[in-house]
Amino acid sequence: MQHFQRDIVRGVEGYIVTGFKQVEIGTKLSEDSRKYGTENTCTSGTTLSKAALGFSRARAQMEKERGNLLKALGTQVAEPLRAMVMGAPLEDARHLAQRYDRMCARGRSTGC
């Protein structure tokens, strides 16, 4: 069960990392589209320039929202999940230590 939980944590973290790479690519596409729409002198003011600028604005907003979603997924899902899974062995060790202490308390006469 522990391995399965760790695999889930790795999967979520991988999804977040891959998502941020895609956000970087989408942001670059948005910037390039904006540059094309504003700097291309032969098409300035044409339908193609206007479409490139509109696409750029829409893509930039989408990537911003996607970045926010990935940040929230990281802080509200991945981090608590990682803490829960990675903290389990420590918690198990505490429980074992408590059980050992209780056993020793009962059996002091046996030399524990």
Side-chain angles (χ1 to χ4, degrees):
M1 185 68 167
Q2 190 74 15
H3 294 294
F4 178 68
Q5 291 172 337
R6 287 183 183 164
D7 287 345
I8 290 174
V9 170
R10 284 188 204 111
V12 170
E13 290 173 342
Y15 179 81
I16 292 169
V17 168
T18 303
F20 276 120
K21 295 286 185 190
Q22 291 173 340
V23 167
E24 286 178 28
I25 293 167
T27 301
K28 176 75 168 114
L29 177 61
S30 170
E31 292 168 0
D32 290 348
S33 297
R34 182 189 51 79
K35 286 179 187 175
Y36 178 84
T38 58
E39 296 175 1
N40 197 342
T41 56
C42 16
T43 61
S44 183
T46 66
T47 304
L48 186 55
S49 291
K50 290 176 185 176
L53 288 171
F55 174 80
S56 171
R57 283 191 295 273
R59 187 70 192 214
Q61 185 62 34
M62 282 177 21
E63 297 306 337
K64 178 182 172 193
E65 294 297 330
R66 188 170 184 196
N68 291 341
L69 175 68
L70 291 168
K71 286 178 192 171
L73 184 62
T75 58
Q76 296 178 11
V77 176
E79 288 177 13
L81 191 59
R82 184 182 327 112
M84 183 178 70
V85 170
M86 300 307 176
L90 179 59
E91 195 63 30
D92 291 344
R94 286 185 188 135
H95 288 299
L96 288 173
Q98 288 172 353
R99 285 177 52 197
Y100 178 77
D101 287 342
R102 282 194 298 262
M103 286 172 46
C104 284
R106 287 185 203 134
R108 293 241 188 256
S109 62
T110 61
C112 183

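- Note: Arg82 CZ to Glu79 CD = 5.5 Å, rounded to the nearest 0.5 Å.
- Atom-to-atom distance recorded for Leu81:CG and Glu13:CD is 8.5 Å, nearest 0.5 angstrom.
- Put simply, Val17 and Tyr15 are part of two different groups of oily side chains (I, L, V, M, F, W, Y) that touch within less than 4.5 Å, one to the next.
- Ion pair Glu24/Lys28 not flagged as a salt bridge, since none of the NZ, NE, NH1 or NH2 atoms sits closer than 4.0 Å to an Asp/Glu carboxylate oxygen.
- Expressed to the nearest 0.5 Å, how far OG1 of Thr27 lies from CE of Met62 amounts to 10.0 Å.
- Considering all non-hydrogen atoms of both residues, Glu63 and Gln22 come closest at OE1-O, 4.1 Å.
- Residues Phe20 and Lys71 meet the side-chain proximity criterion, which asks for heavy atoms closer than 4.5 Å.
- The main-chain N or O of Ser30 is found under 3.5 Å from a side-chain atom of Ser56 such that the two form a donor-acceptor pair.
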(message) Checking Arg34 against Glu39 for the salt bridge (Lys or Arg N to Asp or Glu O under 4.0 Å) test, could you report, in this order, the C-alpha distance in whole Å, the side-chain angles of both residues, the deciding distance, and whether it holds?
(response) CA-CA 8 Å; Arg34 182 189 51 79; Glu39 296 175 1; 5.3 Å; no
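- A distance of 13.5 Å separates OH of Tyr36 from CG of Leu29, quoted to the nearest 0.5 Å.
- In plain terms, the two heavy atoms of Val12 and Ala78 that are nearest each other are CG1-CB, 3.8 Å.
- Ile25 and Val23 fall into different hydrophobic clusters, where Ile, Leu, Val, Met, Phe, Trp and Tyr are joined by side-chain heavy atoms under 4.5 Å apart, directly or via other members.
- A side-chain hydrogen bond (donor to acceptor under 3.5 Å, both in side chains) with Gln61 is found for one member of Arg57, Glu65, Lys64 and no other, namely Glu65.
- Rounded to the nearest 0.5 Å, atoms CD1 (Ile16) and CG (Leu73) are 4.0 Å apart.
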